[in-house]
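This report concerns only the one structure given below.
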Amino acid sequence: MRGFRLPRRPQAYAAGAAILATANVVEPTSNKPASSFYAPPPAASSKSPLYSPPQTEIILVDTPSALELKIGEYRRLVTGYFNQGHSQVQGVISKWIAIEQRVESRVKSFRSPDETMTPQILYIAIATLSSTLLSANVSRFAPRRFLLPPLAFATASYYWLPKTSTNVYEYGREWETPRMREIHDTAVAHTKMSLDMVRDKWRNATGSVGSTVESGVGYAQGATGLKIREAMGWGKHTAEDAKQKAEVLVAETKDKAIEVKDKVIAETKDKAKEVKDKVVETAKPEKAPVEKKDEPPKRQV
């Protein structure tokens, strides 16, 4: 065994002393026991334990910011206004659809099943348009220009669609007040009277002119010997008119005879019933008067 030999230089002595002093120094803040040497802690075992440790539950809390809260509030407000406006619009649309259905049903009720609309409506439109153009180009009077087209429309409607026009007229009468109805009835009565007077005057005028012309033609025919009436066809028309008048007279006479016959039969039946009732009353036997027996006076006790 070799012996330990110290170095001879003084620097080696100083280095060795420093190493020994460092090995024997212990940190004052450490809990390790004071010893000449430091032992490191044992390394963690790589083997898994028998029971797995409990898993830590992680909870994430969603905390909105102030900006997100404001945005949500305004979004809900705008959505509410939009839903309210949408419901109001839907209500208006529903009311409008109901009005359209009522108008459609009312217009269909005006139409008469006995009348066709296809050509008549075209004729009415042509008459109204023609009256509008005529009043605009011919008449410079403002009321006449405004009144002529409606009057032409009403006249054409009553001529080509009489039943439909009557239905529309009756519906318009339902909206009149009692005062308006009275004025309307008075105006209609006066208009009817005026038309009857004009019709009678026209008939009298045409009759007088026709009789004058006929007398002149008869005088000329008698003077010249020409058959002017036959050439003009008046003889045939006169015979046809006489035949028609005779037929009308026979029909009126027949109707009157039937009325008189019914009246006489009814009166005869009534009189026969009265006579029968009188005979029955006369044939009934008269009841003999019942004689009252004299009762003996009652004794008073």
Side-chain angles (χ1 to χ4, degrees), residues 95-96 98-213 237 240-241 244-260 262-263:
K95 291 181 180 179
W96 180 256
I99 292 172
E100 286 183 349
Q101 291 176 353
R102 287 199 298 268
V103 171
E104 183 180 0
S105 61
R106 176 60 66 181
V107 171
K108 287 183 178 180
S109 65
F110 292 151
R111 181 182 177 182
S112 177
D114 300 334
E115 296 175 348
T116 56
M117 296 289 177
T118 306
Q120 280 79 1
I121 292 178
L122 182 61
Y123 300 154
I124 294 170
I126 292 173
T128 307
L129 182 61
S130 301
S131 64
T132 304
L133 297 175
L134 183 64
S135 62
N137 295 326
V138 176
S139 177
R140 299 298 179 183
F141 189 53
R144 189 181 300 171
R145 294 178 63 181
F146 287 109
L147 292 176
L148 186 58
L151 183 61
F153 175 77
T155 305
S157 300
Y158 187 76
Y159 180 78
W160 277 295
L161 297 173
K163 295 182 180 180
T164 304
S165 302
T166 303
N167 295 333
V168 175
Y169 174 76
E170 294 296 334
Y171 177 73
R173 291 293 301 272
E174 294 177 0
W175 293 88
E176 292 181 351
T177 59
R179 179 60 179 170
M180 291 177 62
R181 187 170 298 177
E182 183 180 356
I183 295 172
H184 190 184
D185 294 338
T186 305
V188 170
H190 284 293
T191 304
K192 188 175 181 180
M193 290 174 60
S194 301
L195 291 176
D196 292 338
M197 291 176 61
V198 171
R199 192 180 295 110
D200 293 337
K201 289 183 179 180
W202 175 259
R203 189 180 295 113
N204 295 331
T206 54
S208 61
V209 171
S211 61
T212 303
V213 173
H237 291 301
E240 290 179 356
D241 294 339
Q244 291 179 359
K245 290 181 180 179
E247 290 178 355
V248 172
L249 184 60
V250 169
E252 292 178 355
T253 306
K254 187 176 180 180
D255 295 337
K256 289 182 179 179
I258 292 173
E259 291 178 0
V260 172
D262 295 338
K263 186 176 181 181

Distance, nearest 0.5 Å, that separates [atom1] of [X] from [atom2] of [Y]:
X	Y	atom1	atom2	value
Asn204	Lys201	CG	NZ	9.5 Å
Ile126	Leu129	CD1	CG	8.5 Å
Tyr123	Thr118	OH	OG1	10.5 Å

[Y] side chain reached by [X] side chain, heavy atoms, under 4.5 Å:
X	Y	answer
Thr164	Met117	yes
Arg111	Asn167	no
Val103	Arg106	no

Minimum-distance pair of heavy atoms, taken over all atoms of [X] and [Y]:
X	Y	value
Asp196	Arg199	OD1-NH1, 2.9 Å
Ala152	Ala127	CB-O, 4.3 Å
Thr116	Leu161	O-CD2, 3.8 Å
Lys163	Glu115	N-OE2, 2.7 Å

Exercise for review: Quick one: list whatever passes side-chain hydrogen bond (donor to acceptor under 3.5 Å, both in side chains) with Asp200, sequence neighbours left out.
Suggested key: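 With neighbours one apart ignored, the set is Arg203.
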**Study point:** Exceeds 12 heavy-atom contacts within 6.0 angstrom, atom CZ of Phe110
**Key:**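 Above 12, so yes.
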Point to revise | Of all pairs that satisfy side chain to side chain donor-acceptor pair (under 3.5 Å), the ones with a partner from residues 150-160, not counting sequence neighbours | key: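 Output for this query is empty, none listed.
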Review point. Which salt bridge (Lys or Arg N to Asp or Glu O under 4.0 Å) pairs, counting each pair once, include a residue from residues 178-191, with sequence neighbours left out?
Key: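 Listed by first then second residue: Arg173-Asp185, Arg179-Glu182.
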Practice item. Scan Leu148, Leu151, Leu147 and name whichever one has a side chain to side chain contact (heavy atoms under 4.5 Å, CB included) with Ser135. Key: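 The side chain to side chain contact (heavy atoms under 4.5 Å, CB included) with Ser135 is passed solely by Leu148 among Leu148, Leu151, Leu147.
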